[in-house]
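These notes concern the structure reproduced below.
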Amino acid sequence: MFPYPSGEGLHVGHVRIFTACDVMARYFRMKTGRDTVLSPMGWDAFGLPAENAAIKAKKIPQTMVPHNYANFKKQMQSLSLSFDWGHEFATTDPTYYAFTQWLFLKLYEKGLVYREKVPINWCPKCKTGIANEEVLSDGTHERCGTPTGKKLLPQWVMKITDYAERLLADLDTDISIYFGQSENSDNRIIRGSEGRKGLDWPKGILEMQRNWIGKGRGLSITFPVNEIEQKAIAWTKFWETVYGVTFIVIAPETAQKWMSEGWSAKEDVVSYVDNSLQKSEQQRLEEVGTKTGVDTGLTVTNPVNGARVPVWVADYVLANVGTGIVMGVPAHDERDFDFATKYNLSKIQVVEYDKAEINQRVANGEISFEGEGRLINSGEFSGLSAWGEGKEKMADWMIEQGYAKWETTYHLRDWVFSRQRYWGEPIPLVYCEKCGDENGVVPLTEDQLPLTLPELESYEPTDTGESPLSRVDSWVTTTCPKCGGIAKRETDTMPNWAGSCWYFLAYPWWSSTETEGIIKTYKAKSKFPITDFWKEIAKPAIDEWLPADWYLGGAEHAVLHLLYARFWVKVFQDLGLVDFSEPFLRLRSVGMVLAEDGKKMSKSLGNVINPDDMVKTYGSDATRMYEMFMGPWEQSIAWDSGAISGQVRFLERIKTTMQQEGKVGEKTSPLLVAKLKTLVERVEDGVLNQKFNTSIAGLMEFVNSWREEGQTLAKEHLGMFAKLLSLFAPKSAQELWATNSEGSVEDQAWPDVSKIEGIEALMVKIAVQVNGKMRGIVEVGSEKSKIESEVALIALADEKIKKWVVGEVKKTIFVPGKLLSLVI
RNA sequence: GCCUGGGUGGCGGAAUGGUAUACGCGCGAGUCUCAAAAACUCGUGACCUUUAAAGUCUUGAGAGUUCGAGUCUCUCCCCAGGCACCA
């Protein structure tokens, strides 16, 4: 995942992610060939943090942002991160965002972007509307931590809900279909992913996406309202309790809708609804648990038994869950129980439980209970099992009778896409009174892209929800692309997710030196420059490289970037712009690097570790090694400034050992031949499973063995070791390589284990157990170690073991070359 | 409440059902030095024991499967992250 280049520079957390990327890239280049690897880097540079920092510094982001990413790049290079810099770009480059705008227009033309005046999440500090995904569960804005509110504003919204089902179902995409598609497929290593169903992503992130999409299958049951022309359609997964409905609750939003459709509600209902709708997200969250509501005076008829029950309005019913109307079944739902108890509404038990105590308390109206039991008070269904036959038969019957129908609901809401801020891609739409659509909108044509962001001296956001761009008359006033008359530009900008929704599609064909020029030539010769460019240049490169085999980054994007990018890719697939439905086949999420005190690193706590200082003090190799060694890569871990000295010592020891008399020679000692073979596999295994700490431990063990008295390494094998080391410590490895060989170690092929020649150690240690307990170790020749009778003979002759073998050996278990277990 | 990870020495952690505590940090002793640092060597889970040998115990708790369990099964406890008035 490309970083957001803040003014503070690289964080040690970035170093952890990008070193891992680098280690893997270096490994694959050696293993499968330089031309099989694309390991690019770019800058996600639009958006709030950069803009806020620029405002604070009284500068313009256009000059500040390039300065920031130049610094990031310098830091990355000082860490020997071997990205393919020829493909570098920033999302803020006009040539880049011409494509972002073009892709936006593609979505627009497909009818997936609509304008609506809706109450949206509003951050009062950043003074902009934000998406649902950007509001944390405590109601604060994920960027700045400010409590958000609601604001009614006309917004551009993306219909991500149209793709809800595919976003959910494709999590189970068989990714093996993608291995084997590209030209480089023969070389792609899919170890660890074979036979896997679904995206090879961390379980937790898959689960978070499933929860966020929140598919629910249930019944919509229609309760006709007696007093006015409305139907209360309640959605439920627990329709088997429908005979227990003693009231209906509607959300304030639903009440408002009914009022707008002609219901003249009582004064207290109107004020309750007004009041609730004004509550901020924060307030509503604080009030969870204390339920309030008002009797509307309306009643509905329960279709299943003709019972008339009252309709209440209460804000514990959420408008965006199901239909915004729920059945009140206080005997079998905790929330309904609380509400009914508070307002003295009746309770009817419709499920009887096995546990007498629970059953009695439900019958007495003392508690609610949800669980499997037998239906009672449920007409012809009484006596059937509540979650089995009863549930099934009741559904069939209600549908047959026309009381209910199946309905699948999703938690996912459409994506609010406009931002009332300056530092984002301008939305390429204009308003023309003459030829606009129902909203007055005309899209720009692609030869007019990029629509560049004007440079402004003052671009502070406003409290009114007006974009800063709206203050720039000269920019806002334009001509209509259709009729040529006077038109006004859209002044909202895109969220910073826009650029990151497709950047991975740009890497394969982007050239930091050539793309701008090529686009110019396309513009000169074609009315559809971007479309033609995509077809002729971008698409073939995308076909060759994507989807991405490995995607490494932080878990904080689980339902933000990772959801949005999947959505766009699916749309692009439908538009024929790409040929795949999932952008990232294998995702790995890095653990956080915490400060030494175990807290999050932050300027205000003064506990930040700066990678530049580490490089200066210990060197880039030791810094990289330490970050890869400090713990399992996917796990959060606190920085330990003492422990990095271990890496410095290790790198130093390699050099001093090499200089010692007799350590490098013509032949490798038998012990080291065997160890080198396992080391190659161990390093490889650690890299492919992101267990870099074990790879490094292996390298250390090998050096420890080499340092033992009498152990010699042949020049050839020392070179092999240098190759392994080069993944983690490229500079030290190159020094080592250069002592005996020409060229650059990173250009070499990965060692082939089967070609490691030399005599291996002859003696093998076999563990001996008696009745399952370890009782000794015997050394036998490697040939004999594979033969049970030979090992048993030696073991039983061993004094230490013999004394535990009292009586007859009833059974032996033998693992060739490893273990002998005797059962007495 | 639900979901997903975890729980192993003083610390970070390692271990296809087969020698638990690899590797590193720290700590202790020693070598070198006038001295210190660095470097190097040795030691370092607990108990018993003057020491050693030998032994016993030990991977959150308890049970089970197995010749053999950190690893598999069940019950429970705790920690971290995510979701949640989701009907």
Side-chain angles (χ1 to χ4, degrees), chain A residues 136-137 202-212 214-216 218-219 234-239 241 249 251 284-285 287-291 314-318 320-329 332-336 338-339 370 409-411 555-556 558-559 589 591-592 625-626 629-632 634-650 652-653 656 682 685-686 691 693-704 707 765-777 800 803 809-815 817-824:
Chain A
L136 301 179
S137 57
K203 266 192 192 166
I205 293 185
L206 289 172
E207 208 49 37
M208 279 162 77
Q209 291 227 346
R210 284 197 188 98
N211 287 340
W212 189 259
K215 184 179 181 176
L219 281 183
W235 181 79
T236 179
K237 288 196 258 187
F238 303 101
W239 58 84
T241 61
V249 199
R284 253 177 108 144
L285 281 159
E287 287 167 13
V288 163
T290 56
K291 293 182 178 53
D315 62 8
Y316 80 88
V317 173
L318 306 176
N320 60 9
V321 178
T323 54
I325 301 173
V326 303
M327 342 187 282
V329 188
H332 304 288
D333 181 279
E334 205 183 322
R335 293 150 304 174
D336 297 343
D338 292 346
F339 193 71
E370 289 166 63
T409 64
Y410 296 89
H411 169 263
E556 68 274 13
V559 291
S589 55
M592 252 203 290
M625 295 271 289
Y626 172 63
F629 185 72
M630 63 197 299
E634 300 207 355
Q635 185 183 301
S636 290
I637 199 152
W639 190 269
D640 179 355
S641 55
I644 193 169
S645 60
Q647 307 305 322
V648 179
R649 279 177 208 154
F650 171 64
E652 198 53 41
R653 250 172 228 162
T656 53
R682 198 163 159 195
D685 198 62
K691 283 156 56 180
N693 52 332
T694 64
S695 298
I696 292 176
L699 293 170
M700 289 174 164
E701 280 175 48
F702 184 78
V703 170
N704 289 345
R707 272 154 46 89
K765 284 177 182 171
I766 306 270
V768 182
Q769 297 182 346
V770 179
N771 282 345
K773 285 195 188 260
M774 267 298 300
R775 293 304 179 190
I777 291 163
K800 273 192 211 163
K803 84 178 189 204
V809 177
K810 290 193 191 118
K811 190 178 166 190
T812 60
I813 290 110
F814 183 63
V815 182
K818 266 206 152 156
L819 171 127
L820 178 73
S821 182
L822 306 169
V823 186
I824 310 294

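A, B, ... follow the sequence lines: proteins, then strands. Residue 1 opens every chain. The structure displayed is predicted, hence computed values, not measured ones.
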Quick one: [X] [atom1] to [N] [atom2], roughly how many Å, whole number?
{"X": "A:M700", "N": "B:G12", "atom1": "CE", "atom2": "P", "result": "18 Å"}
{"X": "A:M774", "N": "B:G55", "atom1": "CE", "atom2": "C1'", "result": "15 Å"}
{"X": "A:R210", "N": "B:A84", "atom1": "CZ", "atom2": "C1'", "result": "18 Å"}
{"X": "A:F629", "N": "B:C11", "atom1": "CZ", "atom2": "C1'", "result": "13 Å"}
{"X": "A:Q647", "N": "B:G12", "atom1": "CD", "atom2": "P", "result": "17 Å"}
{"X": "A:E370", "N": "B:G1", "atom1": "CD", "atom2": "P", "result": "14 Å"}
{"X": "A:D336", "N": "B:A87", "atom1": "CG", "atom2": "C1'", "result": "7 Å"}
{"X": "A:R335", "N": "B:C2", "atom1": "CZ", "atom2": "P", "result": "15 Å"}

Parallel, tilted or perpendicular: ring planes of A:W212 versus A:H411, cut at 30 and 60 degrees: perpendicular

Would you indicate whether the side-chain heavy atoms of [Y] and [X] approach each other to under 4.5 Å?
{"X": "A:V809", "Y": "A:V823", "result": "no"}
{"X": "A:Y316", "Y": "A:D338", "result": "no"}
{"X": "A:M625", "Y": "A:I696", "result": "yes"}
{"X": "A:Q647", "Y": "A:M700", "result": "yes"}
{"X": "A:D333", "Y": "A:M327", "result": "no"}

At under 4.0 Å between heavy atoms, what does [X] touch on the DNA or RNA strands: base, sugar-phosphate, or nothing?
{"X": "A:N771", "answer": "sugar-phosphate"}
{"X": "A:L318", "answer": "base"}
{"X": "A:S641", "answer": "nothing"}
{"X": "A:A643", "answer": "sugar-phosphate"}
{"X": "A:K803", "answer": "sugar-phosphate"}
{"X": "A:S821", "answer": "base"}
{"X": "A:V317", "answer": "base"}
{"X": "A:E207", "answer": "sugar-phosphate"}
{"X": "A:N693", "answer": "sugar-phosphate"}

N/O donor-acceptor pair, side chain A:K291 with base B:C85, under 3.5 angstrom: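 For A:K291, whose side chain was compared with the base of B:C85, there is a donor-acceptor pair (under 3.5 Å).
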
Would you indicate which nucleotide in [options] comes nearest to any side-chain atom of [X]?
{"X": "A:Q769", "options": "B:G18, B:A87, B:G24", "answer": "B:G18"}
{"X": "A:A767", "options": "B:A22, B:U19, B:A87", "answer": "B:U19"}
{"X": "A:T236", "options": "B:A87, B:G18, B:G13", "answer": "B:A87"}
{"X": "A:F238", "options": "B:A87, B:C25, B:G13", "answer": "B:A87"}

Donor-acceptor under 3.5 Å (A:T409 side chain, A:G322 main chain):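 No; judged by distance alone, with no hydrogens or angles, the pair does not exist.
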
Polar side-chain atom of A:Y626 near backbone of A:W639 as donor-acceptor pair, under 3.5 Å: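 Pair absent, no side-chain N/O of A:Y626 close to backbone of A:W639.
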
OP1 or OP2 of [N] less than 4.0 angstrom from a side-chain nitrogen or oxygen of [X], does that happen here?
{"X": "A:R649", "N": "B:G26", "value": "yes"}
{"X": "A:K818", "N": "B:G18", "value": "no"}
{"X": "A:K691", "N": "B:A15", "value": "yes"}
{"X": "A:R707", "N": "B:U41", "value": "yes"}
{"X": "A:R682", "N": "B:A14", "value": "no"}
{"X": "A:K773", "N": "B:G18", "value": "no"}
{"X": "A:N704", "N": "B:G24", "value": "yes"}
{"X": "A:K203", "N": "B:G5", "value": "yes"}

Quantified in whole Å, what is the [atom1] atom distance between nucleotide [N] and nucleotide [M]?
{"N": "B:G60", "M": "B:C77", "atom1": "C1'", "result": "7 Å"}
{"N": "B:C48", "M": "B:C57", "atom1": "P", "result": "15 Å"}
{"N": "B:U75", "M": "B:U4", "atom1": "P", "result": "14 Å"}
{"N": "B:G45", "M": "B:A54", "atom1": "P", "result": "15 Å"}
{"N": "B:U59", "M": "B:U19", "atom1": "P", "result": "16 Å"}
{"N": "B:G10", "M": "B:U21", "atom1": "P", "result": "16 Å"}
{"N": "B:U50", "M": "B:G68", "atom1": "P", "result": "36 Å"}
{"N": "B:U44", "M": "B:U8", "atom1": "P", "result": "22 Å"}

Watson-Crick/G-U partner (both atom distances under 3.5 Å) of [N]:
{"N": "B:G62", "answer": "B:C74"}
{"N": "B:G1", "answer": "B:C83"}
{"N": "B:G17", "answer": "none"}
{"N": "B:C25", "answer": "B:G10"}
{"N": "B:G30", "answer": "B:C40"}
{"N": "B:A54", "answer": "none"}

Earlier contact from the 5' end, RNA chain B, for A:I766 and A:G631: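 Looking at RNA chain B, the more 5' nearest nucleotide goes with A:G631.
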
5' precedence on RNA chain B between A:L819 and A:G772 (nearest-nucleotide basis):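 Final value for this comparison: A:L819.
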
N-glycosidic conformation, B:G30 - syn within 90 degrees of 0, else anti: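 It is anti.
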
Pairwise distance CG(A:N704) to CZ(A:F650) - rounded to 0.5 angstrom: 8.0 Å

Salt bridge A:R210-A:E207, side-chain N to carboxylate O under 4.0 Å: yes

